[in-house]
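To start, the structure under review is shown below, and the notes come after it.
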2 protein chains.
Amino acid sequence: MTPVVSASSARPLTTPLDTFRRWLHERGLKTTSQRDDIARVFLTGNRHISVEELYAAVKKVNPRVGYATVYRTLRLLKECGVAVERHFNDGEARYEAAGGEKHGHDHFICERCARIIEFASAELDALDQRIARKLGAVISRRRLELYGICRECREGKR
Amino acid sequence: MTPVVSASSARPLTTPLDTFRRWLHERGLKTTSQRDDIARVFLTGNRHISVEELYAAVKKVNPRVGYATVYRTLRLLKECGVAVERHFNDGEARYEAAGGEKHGHDHFICERCARIIEFASAELDALDQRIARKLGAVISRRRLELYGICRECREGKR
DNA sequence: ATCGGTGCAAATTATTTGCAGGAGC
DNA sequence: GCTCCTGCAAATAATTTGCACCGAT
């Protein structure tokens with residue numbers, strides 16, 4: 001398993017927000033203050049944010065947004081590849097910014113403190129391929145979630 | 001990955017239905033024809049059945065059942081460990097009979113034909129533990145789903 | 001000026017719950 | 001007979017959609 005190290009802090013030439021705006025423009029869709037605000041708050045806020053949390057956070061910046069627009073914009077962000085939808089405890093959806101390079105693609109969910117820890121595992125990537133070969137299948141994506149008690153909770157630090 | 005082989009066909013001494021009935025009795029709950037029918041149909045029907053499918057199948061056997069009772073009985077089956085709830089495509093819940101020995105505990109979902117293939121992987125079990133150690137966590141359960149195209153679909157046999 | 005976008009409220013979907021009557025023990 | 005159970009319909013919860021007006025290009 002590779003540790004989750006932060007990448008360099010150099011600003012990338014193309015931000016996810018740019019990607020989103022360009023994607024909209026390419027298909028004749030419009031840039032609106034709501035879409036901008038929702039995307040900006042989404043990208044700078046917590047990873048694994050729920051719709052409710054995002055809605056509340058956006059309201060603080062721009063009270064002129066409705067729940068429906070948050071849902072509609074999240075769908076666009078998903079479609080253009082900027083956001084990824086997750087369903088951890090089979091409850092409401094949570095969204096994370098794409099670009100798992102800085103983070104892992106898999107998740108550990110602590111059943112005590114509910115924290116979500118991301119990790120990456122090259123061994124797992126390889127194992128996927130071996131399983132695919134055995135099944136005669138081609139794999140396009142995986143979802144791995146480990147549930148348990150995290151280090152902090154185990155050590156009583158929480 | 002271990003292949004998914006069928007176990008011997010010898011009838012076990014205690015069936016899941018017995019387990020369910022005993023569990024109900026132990027806590028002063030009642031055995032009713034609805035509960036029996038729902039449990040029986042659930043246990044003999046398709047693995048990964050949805051509530052809707054189960055409801056329809058039970059109706060054929062006993063039209064005197066309501067949707068609510070199917071939900072309520074599934075909850076009981078879950079609580080007594082006979083059924084396990086899954087959420088594959090983040091849509092409606094699907095239930096499978098517990099006792100994954102005969103089947104795998106992990107799932108491959110074909111994105112073309114929607115078939116669900118179970119498999120088990122000892123390598124994966126070991127990898128879980130290595131990941132847990134790295135994270136300093138203790139793992140109680142995992143959810144692994146691989147999505148892609150299955151062999152039959154790839155070979156155009158479907 | 002033209003479409004697409006937005007808020008709101010109503011519609012949907014999956015699931016749960018209140019209640020009055022019915023069936024186990 | 002006392003409870004627990006059931007069906008039905010109404011209530012939730014999460015998400016989507018119809019519609020009249022608004023705003024970006």
Side-chain angles (χ1 to χ4, degrees), chain A residues 17 20-42 48-80 83-95, chain B residues 17 20-42 48-80 83-95:
Chain A
L17 191 54
F20 181 46
R21 289 218 192 87
R22 192 169 311 133
W23 185 89
L24 287 173
H25 197 258
E26 278 168 9
R27 44 211 83 200
L29 301 178
K30 292 167 183 169
T31 301
T32 65
S33 66
Q34 286 89 326
R35 286 180 178 171
D36 261 30
D37 290 336
I38 293 168
R40 198 162 332 97
V41 170
F42 168 68
H48 309 121
I49 197 168
S50 69
V51 181
E52 196 176 3
E53 289 162 357
L54 180 56
Y55 174 70
V58 172
K59 273 273 177 183
K60 287 185 199 159
V61 169
N62 178 354
R64 295 177 43 81
V65 291
Y67 235 112
T69 302
V70 174
Y71 273 104
R72 287 189 274 232
T73 303
L74 276 171
R75 171 161 36 206
L76 295 174
L77 288 166
K78 228 183 342 178
E79 280 173 29
C80 78
V84 178
E85 185 177 339
R86 302 270 182 191
H87 287 251
F88 291 115
N89 291 296
D90 302 326
E92 9 78 276
R94 288 186 170 270
Y95 293 82
Chain B
L17 192 55
F20 181 46
R21 289 219 192 87
R22 191 169 312 131
W23 185 88
L24 287 172
H25 197 257
E26 277 168 8
R27 44 211 82 201
L29 302 178
K30 292 167 184 170
T31 300
T32 65
S33 66
Q34 286 90 326
R35 285 180 179 170
D36 259 30
D37 290 336
I38 293 167
R40 199 161 332 98
V41 171
F42 168 68
H48 309 122
I49 197 168
S50 68
V51 182
E52 197 176 3
E53 290 162 356
L54 180 56
Y55 173 69
V58 172
K59 274 273 177 184
K60 288 186 199 159
V61 169
N62 178 354
R64 294 176 43 80
V65 292
Y67 235 113
T69 302
V70 174
Y71 273 104
R72 287 189 274 232
T73 303
L74 276 170
R75 171 159 41 204
L76 296 174
L77 288 167
K78 227 180 348 177
E79 281 173 29
C80 77
V84 178
E85 186 177 338
R86 302 270 181 192
H87 287 251
F88 293 114
N89 291 297
D90 301 326
E92 9 79 275
R94 287 185 171 271
Y95 294 82

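Proteins come first, then strands; the chains are lettered A, B, ... in the order of their sequence lines, and each starts at number 1.
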Does a side-chain N or O from Thr32(A) land closer than 4.0 Å to OP1 or OP2 of dT6(C), or not? yes

To the nearest angstrom, the CZ-C1' distance between Phe88(A) and dA14(D) comes to 18 Å

Tell me which of Leu76(A) and Lys59(A) sits closer to the 5' end of DNA chain C, going by the nucleotide each one is nearest to. Leu76(A)

Does the side chain of Arg35(B) get closer than 4.0 angstrom to OP1 or OP2 of dC4(D) through an N or O atom? no

When Leu29(B) and Tyr55(B) are each assigned the nearest nucleotide of DNA chain D, the 5'-most assignment goes to Leu29(B)

How many Å lie between CG on Asp36(A) and C1' on dG23(D), as a whole number? 14 Å

Arg35(A): which of Thr32(A), Thr31(A), Asp37(A) passes side-chain contact (heavy atoms from CB on, under 4.5 Å): Thr32(A)

Go through the structure and list residues passing side chain to side chain contact (heavy atoms under 4.5 Å, CB included) with His87(B), not counting sequence neighbours. Asp90(A), Glu85(B), Ala93(B), Arg143(B)

Whole angstrom value for the distance that separates P of dT15(D) from OH of Tyr67(A): 8 Å

Correct closest heavy-atom pair for Ser50(B) and Glu92(B) would be CB-OE2, 3.6 Å

Rounded off to whole Å, could you give me the CD-to-C1' distance for the Glu79(B) and dT16(C) pair? 14 Å

Rounded to the Å, how far apart are Glu92(A) CD and dT15(C) P? 15 Å

When we call it a touch if two heavy atoms are under 4.0 Å apart, what does Thr31(A) touch: a base, just sugar-phosphate, or nothing? sugar-phosphate

Is there a side-chain contact between Leu54(B) and Tyr95(B), using heavy atoms and a 4.5 Å cut-off? no

For nucleotides 17-19 of chain D, print each protein N/O atom paired with a nucleotide N/O atom at under 3.5 Å, atom names and distance only.
none

Please report the distance, rounded to the nearest Å, between CD1 in Ile38(A) and C1' in dG5(C). 11 Å

Nearest to the Arg64(A) side chain among dG23(D), dA14(C), dT6(D), which nucleotide is it? dG23(D)

Phe20(A) and Cys80(A) have their tightest heavy-atom pair at CD1-SG, 3.7 Å

Minimum heavy-atom distance Val65(B)-Gln34(B), with the two atoms named: CG1-CG, 3.7 Å

Nearest whole angstrom, please: distance from the P of dG5(C) to the CG of Asn62(A). 17 Å

Mind calculating the distance between NE2 (His87(B)) and P (dT15(C)) to the nearest angstrom? 7 Å

Is Glu79(A) atom CD crowded by more than 12 heavy atoms from other residues, nucleotides or ligands, each under 6.0 Å away? yes

When you match Lys30(B) and Val65(B) each to their closest nucleotide on DNA chain D, which lands nearer the 5' end? Lys30(B)

Tell me whether the side-chain N/O atoms of Gln34(A) come closer than 4.0 Å to OP1 or OP2 in dG23(D). no

